[in-house]
Every structure is written in C-alpha cells, then in structure tokens.
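In what follows, residues are counted from 1 in the order of the sequence shown. From a predicted model like this one, the values you see are computed outputs, not experimental measurements.
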Amino acid sequence: MDFIFSNFKKGVEQSLRNNGIDKKRRFKISAIVACLLVSIMSILPNDTHADEVTKLGKSSTDKGITFTIDDFFYNGNKLVIDYTVESKTAQKIDETYSNLLEKLDVSINGKYIDSISYQGHQKVAKNKYRGVIEINPPEDTPDHFALKFNTDSIFDKEGQWTIDFPVNKSAAIFFYHFLI
C-alpha cells in the first residue's frame with residue numbers, strides 16, 4: 001500500500017512542479033489528494049475476501065509433474081479452484097495448449113459432472129504455472145460434499161493426477177475470482 005501512495009505522490013508532485021505551483025502549495029494539494037485516496041479505498045469492498053477461501057494445498061505427483069490444488073471457494077452456485085502445476089524435470093512443456101489440464105474429470109459425491117465453465121492459466125516461474133477452474137455444479141448439489149478431481153494429461157504429458165477433498169459451502173454470497 002505504501003508503494004502505491006509513494007508512486008501516486010511522486011506523480012502528483014511531478015505534475016504540480018511542471019505546472020509552476022510552489023512547494024508549499026504542492027504539499028497541501030498532495031496531502032488532500034492522499035486523504036481522498038485513503039477515504040475512497042477504505043469504503044470500497046474487499047474483492048478478494050481471502051477469509052472465505054478454503055486453503056487446501058493438496059498435491060498429486062506423477063512423472064515429475066506436481067499438480068496442487070492451492071485453495072477453492074464454493075458459494076452454492078460456483079466452485080472456483082485455484083491450482084498450480086510444476087515440473088521438477090527438464091521435460092519440455094508445450095505452452096501452446098489452451099488448457100493446462102486436459103481430459104479433466106470432476107465428480108461430486110462419486111457422480112461425474114460436466115459443468116466446467118472456465119479454465120485459465122499463466123506461467124509464474126520456470127516450469128511452474130498457476131491456473132483457475134470455474135465449475136457450475138448441478139442445482140441439487142448439497143452444501144457439503146466430497147469432490148474428486150482427476151486428470152490424466154497435463155499439457156501433452158500423460159500421467160495420473162487425482163486429488164480428493166471435502167467441500168463446504170461458504171456463507172458468503174459473493175462470487176470469488178482468483179487473479180489470473
């Protein structure tokens with residue numbers, strides 16, 4: 001937060017300096033702008049609601065590739081899963097694939113569902129990717145259920161990655177979206 005304010009203050013001071021406003025007046029204007037910025041930021045809602053996200057950190061490794069579900073959010077309408085994929089080997093991963101996880105199987109309480117509404121990913125480090133999957137569960141999905149997440153292909157690498165975990169509905173009504 002200090003970084004944002006310091007850069008903002010520098011920009012305002014530069015603009016004022018270029019417009020011929022004296023140092024004392026620049027300070028007053030910068031202080032007023034900073035106060036307004038703090039006031040506006042304090043009344044804006046927190047978009048991430050990190051306290052409503054369930055941290056999981058559960059992994060599955062096969063053929064030198066680790067698939068980890070980092071955290072998730074379920075509000076009764078959407079299930080959003082934040083994950084990472086990391087290769088510990090020198091395997092070349094084909095980055096031209098549109099979906100990081102291929103042949104994805106998801107089941108709720110043992111029943112296969114086909115309602116993935118979005119997949120996205122980005123490279124975050126050498127041989128490491130972060131992705132998000134949004135699932136629209138069936139209307140009759142209970143508030144608490146067992147989720148099984150399985151894929152047998154990550155990019156073009158065949159293998160077997162399976163993660164099972166319990167899901168509980170959040171009390172929050174907002175839609176959480178991980179930053180990708």
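Q160 meets the side chain to side chain contact (heavy atoms under 4.5 Å, CB included) test with D62, N150, D152, T162; sequence neighbours excluded. Listed by chain and number, the residues in a ring-ring contact (aromatic ring centres under 6.0 Å, His included) with Y74 are F145 (sequence neighbours excluded). Applying the side chain to side chain contact (heavy atoms under 4.5 Å, CB included) rule to P138 yields the partners I108, I113, D140, T141; only residues at least two apart in sequence or on another chain are considered. Not a single side-chain hydrogen bond (donor to acceptor under 3.5 Å, both in side chains) links D105 to another residue, sequence neighbours left out. Partners of K58 according to the salt bridge (charged side-chain N to carboxylate O under 4.0 Å, His left out) rule, which considers only residues two or more places apart in sequence or in another chain, do not exist here. Annotation: side chain to side chain contact (heavy atoms under 4.5 Å, CB included) contacts of S60 (sequence neighbours excluded): W161, I163. In this structure T84 satisfies the side chain to side chain contact (heavy atoms under 4.5 Å, CB included) test together with T68, D70, K128, R130, sequence neighbours excluded.
A distance of 10.0 Å separates CD1 of I65 from OH of Y129, quoted to the nearest 0.5 Å. Put simply, OG on S59 and CD on E86 are 9.5 Å apart, with the number rounded to the nearest 0.5 Å. Once rounded to the nearest 0.5 Å, the distance linking CG of L147 with CD1 of I69 reads 7.0 Å. Taking NZ of K148 as the reference point, atom CG of N109 lies at 13.0 Å (rounded to 0.5 Å).
Of all heavy-atom pairs between N77 and P137, the closest is O-CD, 3.3 Å. For H144 against K169, the heavy-atom pair with the smallest separation is ND1-N, 4.4 Å. Scanning all heavy atoms of the two residues, the minimum distance from G120 to Y83 falls at O-OH, 4.0 Å. Contact between G110 and S107 at its shortest, heavy atoms only, is C-CB, 4.1 Å.
Put simply, the side chain of V106 does not reach to within 4.5 Å of the side chain of L79, judged on heavy atoms. Looking only at side-chain heavy atoms (C-beta outward), I154 and L101 come within less than 4.5 Å of each other. Residues T54 and N168 form no side-chain contact, since every pair of their non-hydrogen atoms from C-beta on lies 4.5 Å or further apart.
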Salt bridge (Lys or Arg N to Asp or Glu O under 4.0 Å) between D71 and K55, worked out: CA-CA 4 Å; D71 37 53; K55 302 289 184 199; 3.3 Å; yes
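Each of L104, I135, I81, V132 was compared with Q119 under the side-chain contact (heavy atoms from CB on, under 4.5 Å) criterion, and only L104 meets it.
Using modelled atom types, one finds a donor on one side chain and an acceptor on the other under 3.5 Å when comparing K78 with N136.
Ring-centre distance between F165 and F72: below the 6.0 Å cut-off.
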